[in-house]
Amino acid sequence: MRGDGATGGGGADGAPTGGSPRPTLPGLLDDWLRTVTRTRPWTAAEEEDRLTPFLRWAEAEGGVEGTDAAALARGLEAALPAWIARMGMEGPEAEAFQGAVGTFLRWAEGAER
Amino acid sequence: MADSNRSESSPWRDLVRCRISRRGLLAGGAAAAGAFLPLGLRRVEAAELTAPPQEGTRPPFTPIRPTTEDRLVLPQGYRYDLLRAYGDPIGPGIEFGYNADFTAFFPIDLPAGGRSSTDGLLWVNHEYPNPLLMHGNRRGEKTPEEEEIERRGVGGSVIRVRRGSDGRWSYLDDPRNRRMDGRTRCILTGPAAGSEGVRGAVEVVGSVGNCSGGMTPWGTVLSCEENFQDYLPPAGPGGWGYGWRDYVEEHHGWVVEVDPFDPDFVPRKRTALGRFRHENVAIRLTPDGRVVAYQGDDKRNSCVYRFVSHGRYVPGDREANLRLLDSGTLYAADFGEGRWVALDYASQPRLRSARRPDGSFLFRNQADVLVEAREAALTLGATPVDRPEDIEIHPRTGDVYIALTNNTDHGNFHGQIIRLRERDNVPDAATFDWDIFAVGGPQSGFSSPDNLVFDPHGNLWMVTDITSNRIGRGIHAFQGNNAMFFFATEGPDAGKAVQFASGPVECELTGPWWTPDGTTLFLSVQHPGEESRSLDALTSHWPANDGRSVPLPAVVAITGFPGWDPRLSYHAW
C-alpha cells in the first residue's frame, strides 16, 4: 500500500487530497513530548507522567479514534470528563488536569501540519 | 503507552516487512524479523547491494561500552579539544550560538584549490533555544530581552579553527567569523520566492531550526531548517512554543545556502528544494554535471526527496554554481514501486485537482507545491516513512543511506538505516531499488539513528538521537546515553554497530564531519542536561564537570584517528 488516495480524505470532486497516514495516540504523544522537550524541557517528565495513563485508557477503553490528529484531539476532549471522574479528581486538581490536557489538545489539532 | 507492542499496519511497515522477508530468503531462507518487533531481532545481513570486501573496513579503535556518565567518552588513544561552547566570543560582540548541530569544515585554502586539514573555517548549525538554560525563565511568558537572547542563539556560526604543532585544535579570531541568527536578513530564491505561499516575500528575517546540512561541490554550506513550527505558538501558560513575536512560519522550513568565505554573503533560502522539516542535504553529480540533492523530512510518516538541477556544475564558475539550486525538479520517493515521483504542477493532474475538505484547491501553482511539499508528495503517492533523518551517499558505490530514526505509530521504537540504489547507479534515474542496512535495537546495540557520515573507505559513522526523556530508561536502557557508532558497509562485519563515543547526560551527539585527511572528526554536543527542571537542579554540568555549572552545548575536534590518503574523498562528487 502506498500513500496514494487511501491516505487522503478525498476532495469535493473525489480527487485525492493530500494528507498523512492515520495517526495513533502513541505517535501523537511521542510528537508532543518531543515538542515539549524542545520548547520547555523542564516539564517533559511531568507531561509524560500526566498524559500517558489518560491516553492509554482513552485508547483501550475510551474508544478514542480518528482519521487525523484533530479528530483524535476531539475524541480525547470528549473522553476527558470520564477520565477525571474515574480518577476521582475534583476542584483545583481537576481544573489543573483539564488545563494541561487542553494545551496538548490545542497542539494536537494542528499537529499534522 | 510508548512501550506497548502495537500491531497495526502501515504503508512503511508493510514495505519493511516485505523487504526484510525477501532479504531473508536471499540470505538462505533464514527469515529475518522486522524492525517493528521490539526484541529478539536478528540483524539483517548487509550484502545485497554492496561491492566485494575492501581494505580499511575495520574500526580504527577499541570499542567503548555504553555508559550514562556525564562526559564525552572516547576510545583509548583518542582525545577531544573543545573549540567553542554557547556564549563564547567569536568576534567583537558576537557569541557562539546555542545547541550546536551540523558541522562542515572548509579548508582555509579551499578557494585556491587546497585541502588543508589543519586550518579552516568551521560552519556550525545552532538548532533551537532552551529558555531555562539560556535566560533562566521557565514561566513561559518571555520579555522581549529574553526572546532576543533566543533569536541570537539559533542559526549558524562560522569560526576559524586551526591545529597547532602540538596536535591540539583551537579557535582563532578571524574577520570571517560571524553568525547567522534569528535576526539575519535572508533572501528567498527560486520558484516560490515572492509567491502568495510565502506571503509575497523575497526578503525574510532570520533562520531557525538549523538541524543538519550539507556541503556543495562549489564550496558553500547548506543549512537545513527543520522544526520551524515551534516558534509561533505561544510560550506562556497554555502555550507550547517559543512565542516569538512577528514570526512568519512560511518564511522558514527551507534549505539555506551560505558562503562561509564571504562575510557579506546574504543567506539564500532555496525554495526549489521544497519546504518541509529538512534534516540534511546530500549532494552528488550526474555524469553531465547536474546536481542531485537527497533530502529527508524529519516527521512521522513523511517522505524522502530528491532534487535534480536543470543547470550543470562548472568548476570555478561561482556565480553560475550559486544559481544551480534555484531551478530543477523536486521528486519524492515511492518505496512501494521503487520510483521517483515529480512534484511538478504542470505535468501532474493530481496536483492540479487536489482539494481541501472545504473544496478549495490545495495547490494553485508550482510555488504552492514547493511551499507545501509534504502534501504534494503524499498526494502523488510518495511513501510516508519513519522520520527520515540524515541521508548520505556512499563515496564509492553511490548507494544512498537513509537513517529512519523511529516511528511510535507502529511500534518502530529503535529505527533502521536503509539503503537506496538508483537504477544502474544513474543518479537521476527514474527508478531505484532499496534494502535494509541495519536495524536498531538491543541486538544491534543502537537505537534511533540520526546523523551519518562516510569515510573514504565507505565505512559509515552514525550518531543516535534517543529523545532525552527516554535516554537510559526502559527499552532504551541498553544503549546508555546517546552515542556514536561505526559500521563497515562491506565485508563480513558489514552492518555491525561498533560503539565509538558516548555523550554527556541528556545530550545528542550531532554533526560529525572529517578533515580532508581523516585525522580529525568535528562533532557537536547538543543539549546536555536539557531536562533540568531548574537552575538549582541541573542534570548535567558538561563541559565544566564541576558539579555546579550550567551545561553548555559545544563543538569539539576529536583526534587520534589514523587518517587516510588525503587524495581520497568521502564526498560523493
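Proteins get letters first, then strands, A, B, ... in listed order; numbering begins at 1 in each.
With ring centers used as reference points, B:Tyr305 lies under 6.0 Å from B:Phe276.
A donor-acceptor contact shorter than 3.5 Å is absent between the side chain of B:Arg277 and the backbone of B:Ser302. With A:Thr37 contributing its side chain and A:Leu33 its backbone, the two residues share a donor-acceptor pair below 3.5 Å. Judged by distance alone, with hydrogens and angles left aside, the side-chain atoms of B:Gln526 form a donor-acceptor pair with the main-chain N or O of B:Asn99 at under 3.5 Å.
When the candidates A:Ala60, A:Pro41, A:Ala45, A:Gly99 are compared by the number of heavy-atom contacts under 4.5 Å with chain B, A:Pro41 comes out ahead. With respect to chain A, the highest number of heavy-atom pairs below 4.5 Å among B:Arg138, B:Glu530, B:Glu531 belongs to B:Arg138. Of the listed residues (A:Val36, A:Asp31, A:Thr35), the one with the most heavy-atom contacts under 4.5 Å to chain B is A:Asp31. For the set B:Asn469, B:Asp230, B:Leu351, the entry with the most heavy-atom pairs within less than 4.5 Å of chain A is B:Asp230.
Neither the backbone nor the side chain of B:Asp465 comes within contact range of chain A; no heavy atom of the residue lies under 4.5 Å from a heavy atom of that chain. When heavy atoms are compared at a cutoff of 4.5 Å, B:Ser532 approaches chain A solely by way of its backbone atoms N, CA, C and O. Using a 4.5 Å cut-off between heavy atoms, B:Asn407 does not touch chain A at all. Contacts between B:Arg352 and chain A at a heavy-atom distance below 4.5 Å are absent for every atom of the residue. Only the backbone of B:Pro129 comes within contact range of chain A, with heavy atoms under 4.5 Å apart. Both the backbone and the side chain of A:Arg38 come within contact range of chain B, each with at least one heavy atom under 4.5 Å from a heavy atom of that chain.
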* Run the salt bridge (Lys or Arg N to Asp or Glu O under 4.0 Å) check on B:Arg339 and B:Asp334 step by step: do they pass? -> CA-CA 5 Å; B:Arg339 66 180 178 122; B:Asp334 173 352; 2.8 Å; yes
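Between B:Tyr231 and B:Tyr242, the ring planes lie tilted relative to each other; the angle falls in the 30° to 60° range.
Under the 3.5 Å distance criterion, with hydrogens and angles disregarded, a donor-acceptor pair is assigned to the side chains of A:Glu47 and A:Trp32.
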